[in-house]
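Report on the structure given below.
Numbers restart at 1 for each chain; the letters A, B, ... are given by sequence-line order, proteins then strands.
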Amino acid sequence: MKKYTLKKSFAAEIGKYTIDYKAELNQQQFKAVTNIHGPQLVIAGAGSGKTRTLIFRVAFLVENNINPGSILLLTFTRKSAQEMMRRASFILDERCSKVAGGTFHSFANYMLRKYAPMVQYHPNFSIVDRGDAEDIINSIRAELALNKKERRFPRKTTIMNIISKSTNKCIPVEDVLIDDYPHFEEELDDVLKISNLYRKYKRQKQVMDYDDLLVNLGNLLKENEQVREKISDTYRYIMVDEYQDTNKLQAEIAALLACKHSNIMVVGDDSQSIYSFRGANFRNIMDFPSMFPDTTITTLEQNYRSTRPILELTNAIIENAREKYSKKLFSDIAGQEKPAYLKTIDETEQAEFIGQRVLELREEGVPLNKIAVLFRASWHANELEVELKNRNIPYVKYGGLKFAEAAHIKDVLSFMRVLNNPFDDIAWLRSLTLLEGIGPSYANKIVAEILKKSEDFSGLIAPQFAKKKFFADLQKLYKLLSSLKDPTLKPADQLEKVIIYYTPMFELLYDDYRRRTGDLDSLLRIAQRYKTLEEMLTDVVLEPPDMSQVGVESTNKDDEKLVLSTIHSAKGLEWHSVFIIHLVEGYFPSARSAEREENMEEERRLFYVAATRAQRNLYLVTPEIEPRSWGYHDDFSGYMFAEPCRFLTEIENFNELTEPWALEIEKEDPF
DNA sequence: TAGTGAGAGGTTTTT
DNA sequence: CCTCTCACTA
């Protein structure tokens with residue numbers, strides 16, 4: 001007979017756990033992991049095992065027989081939440097994947113789908129992305145006839161920025177406008193008017209923008225005691241990652257969620273706060289203990305990522321920050337190579353250097369996907385991309401244009417959106433203007449008819465349009481949409497029909513349609529993952545699939561690719577070798593940040609984030625001649641002599657901390 | 001009123 | 001450089 005012992009589910013002593021936490025973690029990490037009650041703040045320096053700590057804490061909670069569904073892990077991207085849950089499952093077991101996790105936005109979405117009526121919304125509200133929100137603003141502006149004015153009136157993007165900043169920082173629109181855009185002070189009344197109409201519009205049309213998700217979740221929690229307590233009871237163990245990048249609103253939500261138990265752990269690094277343009281405030285992390293008076297504070301200072309020479313440089317970078325920090329990272333990883341610093345003649349030579357060096361590194365045994373090139377803004381990599389293509393070096397690029405923001409994708413999705421929410425008139429407008437002979441003006445008239453009879457789409461074929469040239473097209477669209485209402489159809493089936501319908505206009509509309517067809521196929525593949533249309537549309541906005549995800553068909557072994565990434569998208573990641581390019585005033589720090597000191601402080605933190613991504617090799621590159629960028633008046637044939645990035649020159653012993661590399665051009669043999 | 005073409009202006013980072 | 005706007009034409 002075989003003996004089989006059922007394990008006792010509650011392990012009272014450390015020795016009884018499946019995982020030997022003491023051996024796996026250092027003292028501070030251990031403390032953070034095993035202290036499971038009460039508020040906790042973990043200040044985790046770059047590479048100090050922050051993610052590891054969170055993962056082990058999830059495992060520890062689960063091993064203590066805590067229902068995974070009562071653990072909430074709020075992270076910066078959903079990808080990182082999933083990755084953490086995957087790793088936790090790996091060190092323990094499947095239970096860890098049942099943890100609730102995601103971004104503040106996706107969590108808000110999840111909650112609001114349940115409780116929408118309590119904040120006066122339909123549960124099937126639509127979420128609009130930034131572009132759509134701006135279009136709404138624009139149409140309101142047009143309605144108020146503010147676009148025809150003699151004086152300069154802020155653009156839709158600017159107006160949206162003002163409104164968004166005001167919500168995220170919880171300060172009035174007036175203050176934002178006067179603080180950040182004093183030159184528009186005269187337009188304050190009209191901006192306020194637009195802002196109010198925008199709010200009304202969204203409610204009427206059952207639409208939320210990114211900020212509304214947070215606002216409405218906040219309101220739900222604030223105004224309904226029972227709901228608040230119920231939710232707080234459900235999520236008894238809350239963890240928030242990257243807390244330095246949360247804004248006021250998110251901090252409030254986190255506190256409300258913990259109202260019943262104060263079991264909340266926040267993790268972050270004030271030196272790595274890089275999202276203030278989105279309303280994030282790194283002081284949140286400092287204020288946490290005052291929000292929860294008995295907070296336990298743990299600081300993780302040992303760096304497990306980078307070699308000592310790299311860490312010495314990164315410490316020196318952050319040393320110059322205006323606000324002084326209490327931690328200083330150290331590393332046990334020896335390394336003889338200092339970070340390399342080199343100047344190239346121009347952008348072309350910079351790209352050549354990287355192309356060549358990347359290939360050498362690969363020869364030395366570093367896989368391509370362990371190498372990254374980081375830059376301040378997406379377009380900084382353009383020239384490099386050309387070089388990589390010439391050399392046949394495969395790469396993926398993160399950051400910059402989103403798949404879901406491409407015009408043809410938005411076109412297709414607009415048909416899907418009206419299926420999901422017939423009040424979504426931005427989507428109606430977009431789809432209708434795709435038809436020949438229909439511009440904004442007729443589109444609006446048709447939308448008005450549709451909204452009158454929102455149960456079906458018969459407004460599309462209202463008799464007053466019968467004599468118009470485009471009536472046949474409307475009938476065709478009506479037939480299509482009506483047939484797609486069939487509840488047995490899955491999103492992918494619906495999408496397929498929409499794409500077939502859309503293809504003729506698509507080919508007419510875009511000269512380069514051949515290049516774009518691939519994207520439609522990708523979208524179709526993505527759609528197959530979803531059971532409901534609403535889920536799919538929400539995901540496309542909240543978690544925009546990036547190009548790399550789209551290229552899933554090439555999941556074989558040799559799809560090792562060099563990583564190109566904006567620094568913002570590189571947050572939380574690490575690579576064996578890292579190149580930081582365009583270390584030139586005006587590029588990095590960006591010219592836009594020069595106006596305000598606090599922006600410059602953030603640029604420095606951004607540079608710190610970039611440099612701390614490197615494990616073994618760090619290459620800093622400054623091209624000496626750059627294409628003229630905005631803000632520089634160097635009428636020298638479009639080029640300027642570049643000033644090296646101030647975050648390098650301000651370091652006193654820079655020359656000792658780095659190894660200068662001098663580029664030599666190979667001499668061609670004349671014979 | 002739709003569709004087109006020229007000119008100007010503003011250029012980051014992302015849920 | 002790329003997008004948005006405005007004015008013109010059909």
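Nucleic acid contact class of A/Y275 (heavy atoms, under 4.0 Å, all strands): sugar-phosphate only. Counting non-hydrogen atoms under 4.0 angstrom, A/I438 reaches the backbone sugars and phosphates but no base. Using a 4.0 Å heavy-atom cutoff across all strands shown, A/K445 reaches sugar-phosphate atoms only and no base atom.
Of the residues listed (A/V578, A/L618, A/I580), the one engaging A/R613 in a side-chain contact (heavy atoms from CB on, under 4.5 Å) is A/V578, and it is the only one.
In this structure, A/Q250 atom CD and B/dT15 atom C1' are separated by 8 Å, rounded to whole Å. Whole-Å rounding puts the A/D209 CG to B/dT14 P distance at 18 Å. Residue A/N247 contributes atom CG, which lies 20 Å from atom P of B/dT13 at whole-angstrom precision. Here the C1' atom of nucleotide B/dT14 and the NZ atom of A/K165 are 14 Å apart, to the nearest Å. Going from atom CD1 of A/I159 over to atom P of C/dC4 covers 14 Å, rounded to whole Å. Following rounding to the nearest Å, A/D135 (CG) and C/dT5 (C1') show an atom-to-atom distance of 14 Å. With rounding to whole Å, A/I127 atom CD1 is found 11 Å from B/dT15 atom C1'. Between the CG atom of A/N168 and the C1' atom of B/dT13 there is a distance of 15 Å, rounded to whole Å.
The side chain of A/N138 sits closest to C/dT5 out of B/dT15, B/dT12, C/dT5. Residue A/H105 places its side chain closer to B/dT15 than to any other of B/dT12, B/dT15, B/dA2. Of all nucleotides listed (B/dT14, B/dT12, B/dT1), B/dT1 comes nearest to the side chain of A/Y442. Checked against B/dT15, B/dT14, C/dT5, the side chain of A/T566 finds its nearest nucleotide in B/dT14. Considering only side-chain atoms of A/T103, the nucleotide from B/dG10, B/dT12, B/dT15 that sits closest is B/dT15. With B/dT12, B/dT14, C/dC4 as the choices, the nucleotide that has an atom nearest any side-chain atom of A/R376 turns out to be B/dT12. For A/R155, the side-chain atoms get nearest to C/dC4 when compared with the rest of C/dC4, B/dA2, B/dT14.
A/E603 is linked by a side chain to side chain contact (heavy atoms under 4.5 Å, CB included) to A/R376, A/F588, A/P589, A/S590, A/S593, A/M600, A/F647, counting only residues two or more places apart in sequence or in another chain.
Proximity of A/S569 to the phosphate of B/dT14: a side-chain N or O atom is located under 4.0 Å from OP1 or OP2. OP1 or OP2 of C/dC4 has not a single side-chain nitrogen or oxygen of A/R141 nearer than 4.0 Å.
The residue among A/E436 and A/E603 whose nearest nucleotide of DNA chain B lies closer to the 5′ end is A/E436. Comparing A/A377 and A/A443 against DNA chain B, the residue whose closest nucleotide sits nearer the 5' end is A/A443.
Around the CD atom of A/E385, the shell of radius 6.0 Å holds more than 12 heavy atoms that belong to other residues, nucleotides or ligands.
Ring centroid separation for the pair A/Y235 and A/F107 comes in under the 6.0 Å cut-off. The distance between the ring centers of A/Y442 and A/F470 falls below 6.0 angstrom. A distance of 6.0 Å or more separates the ring centres of A/F415 and A/W428.
A distance of about 23 Å separates the C1' atoms of B/dT12 and C/dT5, rounded to the whole Å.
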